[in-house]
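Fair warning: this is a prediction, and the values are worked out from it, not measured in the lab. Numbers for residues simply follow the sequence, beginning at 1.
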Amino acid sequence: MAAKKPLPDRVQLKGLDSLFGIDQEQTGQVLDVPIRELFPFQNHPFKVLDDEKMAQTVESVRENGILVPIMVRNRPEGGYEVISGHRRKHAAEIVGLETVPVIIRDLTDDEAVIAMVDANLQREEILPSEKAFAYKMKLDAIKRQNKAGRPESNNSRQVGENLWSVNQLSEGNSDSARTIQRYIRLTELLPQLLEMVDNKKIKFNPAVELSYITPSEQFLLMEVMEEDNVVPSLSQAQQIKKLSQEKRCTKEALHALLAVASIKERNVVIKHEIIMQYFPAEASDAEIESLIVRLLDDYRKKHGGV
């Protein structure tokens, strides 16, 4: 086994300090603390998985120890809350280390949230659900900071200030303010649907549209998706959203709507000339699809849901 490398000194940690916007002259020393005194960040949105990358991290820790100290802050109830380094901590636990190097930061709750999110967003691979909840946590923290700094704010300014906060969140970020808002919408999905987004069973854009329907409607949608073995396209997701807005998002309506997707998945093609003999030439695609859906819905009702 190779000899452990020495821990990085304060000069080597400069890049990590700048990431958190911390003055180099105010940084603390690297301390070794018992691993049992480290606790995960409350509502930590990033998953710590025992995957191939974790196996690589474990091997690195086994060979070299933890080279980059874990960023923590004091907990009022004792011990330390991990801000950055949950994967390193988990790897150290697997290896069996009793102590780990940490740097203790004096951060407020909101500062800690922002630091935690910024550190984890540097990862190469991030699941949509992780981004969604991370962006939401950081946005909420920024809003609280802005509100505290502007006590004269009132409800009439709320919309403008929310946009200002989102624009702040997008600064220095690869995702635009609009994209960030769409990621945050995913937090409105039921966990089962959000997992399907992570697993790439539901694409991002349809998932955003589906986030606007109620939880009970999402539950109905999951039942229909399982029964019919279909997944909504972007167009169908937009129509489901419209059904919800019109208070017509029933299980029967969802079956009828997604039946079109089911037919497409089975490569059943109806020739254009056959369809158009039932419609005027000026009928739009949306009008044609809407009528077909209504007819399918009527057919299903007449045949007892068959």
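Checked against salt bridge (charged side-chain N to carboxylate O under 4.0 Å, His left out), Lys47 has the following partners two or more places apart in sequence or in another chain: Asp198. For Arg73, the salt bridge (charged side-chain N to carboxylate O under 4.0 Å, His left out) test picks out Glu81, Asp109, with sequence neighbours left out. Partners of Lys241 according to the side chain to side chain donor-acceptor pair (under 3.5 Å) rule, which considers only residues two or more places apart in sequence or in another chain, do not exist here. In terms of the salt bridge (charged side-chain N to carboxylate O under 4.0 Å, His left out) criterion, Glu111 has no residue partners (sequence neighbours excluded). Applying the salt bridge (charged side-chain N to carboxylate O under 4.0 Å, His left out) criterion to Glu252, with sequence neighbours excluded, gives no partner residue. Applying the side-chain contact (heavy atoms from CB on, under 4.5 Å) test to Pro76 and every residue at least two apart in sequence or in another chain returns nothing. For Arg36, the side chain to side chain donor-acceptor pair (under 3.5 Å) criterion is met by no residue, not counting sequence neighbours. When the side chain to side chain donor-acceptor pair (under 3.5 Å) test is applied to Glu171, no partner is found at least two apart in sequence or on another chain. Under the rule for a side chain to side chain donor-acceptor pair (under 3.5 Å), the partners of Glu93 that lie at least two apart in sequence or sit in another chain are Lys89.
Between Ala141 and Val113, the shortest heavy-atom contact is CB-CG1, 4.0 Å. Across all their heavy atoms, Leu254 and Cys249 have their closest contact at CD2-SG, 3.9 Å. Ala259 approaches Leu296 most closely through the heavy-atom pair CB-CD1, 4.4 Å. Smallest separation of non-hydrogen atoms from Ala237 and Pro206: CB-O, 3.6 Å. Looking at every heavy atom in both residues, Tyr135 comes nearest to Asn173 through OH-OD1, 3.1 Å. Nearest heavy atoms, Ala132 versus Leu186: CB-CB, 3.9 Å.
Hydrophobic cluster membership is shared by Ile83 and Val30, with clusters built from Ile, Leu, Val, Met, Phe, Trp and Tyr side chains linked at under 4.5 angstrom. Met196 is not connected to Leu127 by any chain of hydrophobic side-chain contacts under 4.5 Å among Ile, Leu, Val, Met, Phe, Trp and Tyr, and they are in different clusters. Under a hydrophobic clustering in which Ile, Leu, Val, Met, Phe, Trp and Tyr are joined whenever their side-chain heavy atoms come within less than 4.5 Å, directly or via other members, Leu121 and Phe41 fall into the same cluster. A single hydrophobic cluster is seen to contain both Val102 and Ile35, as judged by linkage of ILVMFWY side chains at heavy-atom distances under 4.5 Å, directly or through other members.
Rounded to the nearest 0.5 angstrom, Leu139 CG and Ile114 CD1 are separated by 10.0 Å. Note that the CD atom of Gln168 and the CD1 atom of Ile180 stand 11.5 Å from one another [nearest 0.5 Å]. For the atom pair Ile202 CD1 and Leu221 CG, the distance stands at 7.0 Å (nearest 0.5 Å). The CD atom of Glu217 sits 9.5 Å away from atom OG1 of Thr250, with the distance rounded to the nearest 0.5 Å. Taken from CG in Asp50 to CD1 in Ile94, the straight-line distance is 5.0 Å, to the nearest 0.5 Å. The line from CG of Leu193 to NZ of Lys201 is 11.5 Å long, rounded to the nearest 0.5 Å.
Side-chain atoms of Val72 and Ile103, non-hydrogen and from C-beta on, never get closer than 4.5 Å to each other. Ile184 places none of its side-chain heavy atoms less than 4.5 Å from the side chain of Gln181. Side chains of Leu49 and Met54 form no contact here, defined as non-hydrogen atoms less than 4.5 Å apart. By the 4.5 Å heavy-atom criterion applied to side chains, Arg294 and Ser290 are counted as neighbours. Between Ile288 and Tyr278, the closest side-chain pair of non-hydrogen atoms is not below 4.5 Å. When side chains are defined from C-beta on, Met116 counts as touching Pro45, because their heavy atoms get closer than 4.5 Å. Taking 4.5 Å as the limit, some side-chain heavy atom of Pro232 sits within range of a side-chain heavy atom of Met225. Arg88 has its side chain within reach of Val68: a pair of non-hydrogen atoms, C-beta onward, lies under 4.5 Å apart.
Other residues, nucleotides and ligands contribute over 12 non-hydrogen atoms within 6.0 Å of the CD atom of Gln192. Sparse packing is recorded around CG of Asp106, with 12 or fewer heavy atoms of other residues, nucleotides or ligands lying under 6.0 Å away. At most 12 non-hydrogen atoms from other residues, nucleotides or ligands lie less than 6.0 angstrom from NZ of Lys136. Counting non-hydrogen atoms of neighbouring residues, nucleotides and ligands closer than 6.0 angstrom, the CD atom of Glu246 exceeds 12 such neighbours. Within 6.0 Å of CD in Glu195 there are 12 or fewer heavy atoms belonging to other residues, nucleotides or ligands. The local environment of CD in Gln42 is sparse, with at most 12 non-hydrogen atoms from other residues, nucleotides or ligands closer than 6.0 Å. Counting non-hydrogen atoms of other residues, nucleotides and ligands closer than 6.0 Å to CD of Glu77 gives a total above 12.
Sequence neighbours left out, the pairs with a member in residues 58-117 that pass ring pair (Phe, Tyr, Trp, His ring centres under 6.0 Å) are His44-His86. For residues 96-125, the set of pairs meeting the ring pair (Phe, Tyr, Trp, His ring centres under 6.0 Å) definition, not counting sequence neighbours, is empty. Note on residues 204-223: pairs passing ring pair (Phe, Tyr, Trp, His ring centres under 6.0 Å), not counting sequence neighbours, are Tyr183-Phe204.
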Exercise. Checking side-chain contact (heavy atoms from CB on, under 4.5 Å) for the pair Glu223/Leu220: CA distance, chi angles, key distance, verdict?
Worked result: CA-CA 5 Å; Glu223 288 186 336; Leu220 290 178; 3.9 Å; yes

For this session: Mind running side-chain contact (heavy atoms from CB on, under 4.5 Å) on Leu234 and Lys203 for me, showing each step along the way?
Result: CA-CA 8 Å; Leu234 176 57; Lys203 294 182 179 180; over 6 Å; no

Exercise. Going through the distances and angles, do Asp175 and Ser170 end up as a side-chain contact (heavy atoms from CB on, under 4.5 Å)?
Worked result: CA-CA 6 Å; Asp175 290 324; Ser170 67; over 6 Å; no

For this session: Evaluate salt bridge (Lys or Arg N to Asp or Glu O under 4.0 Å) for Arg185 paired with Glu188, printing each intermediate quantity in order.
Result: CA-CA 6 Å; Arg185 281 298 319 172; Glu188 301 295 330; 5.0 Å; no

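Cation-pi geometry between Arg123 and Phe46 is not met at under 6.0 angstrom from the ring centre and within 45 degrees of the axis.
Paired with Asp110 under the rule side-chain hydrogen bond (donor to acceptor under 3.5 Å, both in side chains), one option of Arg144, Lys138, Lys143 passes, and it is Arg144.
Without hydrogens or angle criteria, Gln218 side chain to Ile213 main chain gives a donor-acceptor distance under 3.5 Å. Distance alone, capped at 3.5 Å, places no donor-acceptor pair between the Ser244 side chain and the Ile240 backbone.
No side-chain donor from either of Glu130 and Asn120 sits under 3.5 Å from a side-chain acceptor of the other. Between the side chains of Thr214 and Ser216, a donor-acceptor pair is found at a separation under 3.5 Å.
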